Amino acid sequence: MATLRRLQETPRHLLVCEKSNFGHNKSRHKHLVETHYHNYRVSFLIPECGMLSKELKSLVMEIGPYYSVKSLPLHELITREFIQTFVKKGSFSALTYNASIDEDNAVALLPNGKLILSLDKDTYEETGLQGHPSRCSGRKPMRFVISIDLMDLSLNLDSKKYERISWSFKEKKPLKFDFLLAWHPTGAEESTMRSYFSKYQIQEHQPKVALSTVRELQCPVLQSSSLAGEPEEACSALELFDWLGAVFCNADMNNQPYNFISTYCCPQPNTVIAQACLCTITGFILPEKIQVLLEQLRHYFDEPKLAPWVTLSVQGFADSPVSWRENEHGFQKGGEHLYNFVVFRNQDYWLQMAVGANDDCPP
């Protein structure tokens, strides 16, 4: 009965909202973007805009590429050559796909060089490596997390620790996964992933870009100084967050009695804008690319614009082993971990961060 009651409960979610200014010396917008590593969808909405500028459109089209590789042995990500070629010469990200974080073994390589393994109990014990119980596995641990610092290992690749990990991945418990890969080199690109992993089934992909113009859109009225909103004057950050979700889902917000799909309507007060530009990018998107896009949107108001604000929303992979930094992520009733920037004309911004299920509070 207790299990049945838990299944009927509304999933737990966490939403953190804060406001700051891009020019503030303690603004943490860069750090937050940089530490949300595995992103699959980026969307931005620009009110009173019918067409993207050449600069913004060019930037959107240059977000990629990324790669998929099938049945890649895990030991390939800890070799001396791989660490020297990719990990030490840029930001390299890898994430297993076609794997459910609560049911399957999953692996992520973070840009800071940390290799995170989320394994079921049997696989964990067979590796012979030291980890810790997953916080998502309940009282009786059935899932474990192993963290390996490749940058630390690279300092002494002849150590017993490296030999043990290499032996585990090569001989004791050889593991293979389907991975998504992306790399942002810090210097001259001396190697490419396609050639490096040429003996495996590797394929290059470009993110999918969807551009649309939304006509006669009801938009909430916002005041940059008031996250909580003002009665009859401005909507709150929470109301905007719900409204954005409806816009991105292309939901009908008329709240008509005959509409059995959605009874949602735009919060009050609101204003009707003639048109808005909505752009959605889907793929395996590096934080560095999102950082550049956010900077471009910051400067959207360098010249006079009709738009009172613009938004940038980023969603992480539901089955990533981590959300922000190295915070463990689970799915269970919901695998969301996402953030949203609302950029105002005066360079103030709102930052909204959301996670669900058993995740820690966003940073």
Side-chain angles (χ1 to χ4, degrees), residues 35 37-38 67 69-138 140-183 191 193 196-202 317 319-330:
T35 54
Y37 300 121
H38 302 121
Y67 299 84
V69 59
K70 293 188 175 182
S71 300
L72 180 67
L74 190 56
H75 72 80
E76 288 282 9
L77 299 183
I78 66 166
T79 64
R80 181 192 304 265
E81 184 182 1
F82 175 79
I83 295 174
Q84 296 292 341
T85 303
F86 293 106
V87 178
K88 286 191 171 184
K89 294 183 179 179
S91 297
F92 191 96
S93 289
L95 180 66
T96 49
Y97 71 101
N98 295 331
S100 299
I101 187 65
D102 292 335
E103 300 174 355
D104 306 318
N105 296 317
V107 177
L109 176 57
L110 312 185
N112 61 5
K114 297 288 182 67
L115 184 65
I116 309 294
L117 286 69
S118 178
L119 307 175
D120 60 51
K121 185 174 183 290
D122 291 342
T123 305
Y124 169 71
E125 292 176 347
E126 289 173 9
T127 64
L129 300 177
Q130 185 175 1
H132 60 84
S134 166
R135 65 190 304 274
C136 305
S137 61
K140 186 179 180 180
M142 298 301 294
R143 192 162 198 83
F144 291 81
V145 176
I146 299 173
S147 178
I148 301 171
D149 190 339
L150 299 186
M151 297 299 284
D152 181 59
L153 277 184
S154 69
L155 298 176
N156 187 3
L157 294 175
D158 296 320
S159 66
K160 291 184 178 180
K161 181 179 179 180
Y162 178 78
E163 289 178 359
R164 180 174 180 80
I165 295 172
S166 182
W167 168 75
S168 174
F169 290 166
K170 278 186 175 182
E171 301 178 33
K172 191 172 191 302
K173 185 60 179 177
L175 294 170
K176 294 182 179 182
F177 298 95
D178 295 342
F179 278 101
L180 295 176
L181 309 173
W183 185 44
S191 180
M193 279 188 279
Y196 186 86
F197 295 107
S198 58
K199 61 183 177 179
Y200 301 101
Q201 297 181 49
I202 186 168
F317 281 85
D319 289 302
S320 170
V322 296
S323 53
W324 272 274
R325 298 190 296 240
E326 294 166 46
N327 294 343
E328 187 181 351
H329 174 64

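Predicted model only: the values in this text are computed from it and were never measured.
A donor-acceptor pair under 3.5 Å is absent between the side-chain atoms of S71 and the main chain of K176, judged by distance alone. Under the 3.5 Å distance criterion, the side-chain polar atoms of S166 are left unmatched by any main-chain donor or acceptor of E163. A distance-only check finds a donor-acceptor pair linking the side chain of W183 to the backbone of F86 [under 3.5 Å]. A donor-acceptor pair is defined here as one N or O able to donate and one able to accept, closer than 3.5 Å; such a pair exists between the side chain of S168 and the backbone of T127. Judged by distance alone, with hydrogens and angles left aside, the side-chain atoms of R164 form no donor-acceptor pair with the main-chain N or O of L129 at under 3.5 Å. Distance alone, capped at 3.5 Å, places no donor-acceptor pair between the D319 side chain and the S100 backbone. Remark: the backbone N or O of D104 is not paired with any side-chain donor or acceptor of D120 at under 3.5 angstrom.
By the side-chain contact (heavy atoms from CB on, under 4.5 Å) test, Q84 pairs with R80, K88, sequence neighbours left out. Annotation: salt bridge (Lys or Arg N to Asp or Glu O under 4.0 Å) contacts of K170 (sequence neighbours excluded): none.
Once rounded to the nearest 0.5 Å, the distance linking CG of L77 with CZ of F177 reads 10.0 Å. Between the CG atom of L109 and the CG atom of L115 there is a distance of 5.5 Å, given to the nearest 0.5 Å. Expressed to the nearest 0.5 Å, how far CD1 of I83 lies from CG of L155 amounts to 9.5 Å. The structure places CG of L150 at 9.5 Å from CG of L110, a figure rounded to the nearest 0.5 Å. Of the inter-residue distances, the one linking Y124 atom OH with Q130 atom CD reads 6.5 Å to the nearest 0.5 angstrom. Taking CG from L157 and OG1 from T79, the interatomic distance works out to 9.0 Å, rounded to the nearest 0.5 Å.
Contact between H38 and A108 at its shortest, heavy atoms only, is CE1-CB, 3.5 Å. In terms of heavy-atom proximity, S147 sits nearest to I116 at OG-CD1, 3.5 Å. Between R143 and A106, the shortest heavy-atom distance links the atoms NH2-N, 4.2 Å. Residues S118 and I101 come closest through the heavy atom pair OG-CD1, 3.8 Å.
At least one side-chain heavy atom of E326 sits under 4.5 Å from a side-chain heavy atom of N112. Residues N105 and T96 form no side-chain contact, since every pair of their non-hydrogen atoms from C-beta on lies 4.5 Å or further apart. Within the 4.5 Å cutoff, no side-chain heavy atoms of Y37 are placed close to those of S91. Looking at L74 and L117, their side chains come closer than 4.5 Å, going by heavy atoms from C-beta outward. Looking at T123 and F144, their side chains never come closer than 4.5 Å, going by heavy atoms from C-beta outward. No side-chain heavy atom of V107 sits under 4.5 Å from any side-chain heavy atom of P321. Proximity of D152 to K161: side-chain heavy atoms (C-beta onward) are separated by under 4.5 Å at one or more points.
Here E76 pairs with K199 in a salt bridge; the nearest charged N to carboxylate O distance falls below 4.0 Å.
Between E126 and the options K121, K172, K173, a side-chain hydrogen bond (donor to acceptor under 3.5 Å, both in side chains) holds for only K173.
Between F82 and Y196, the two ring planes are tilted [angle within 30° to 60°].
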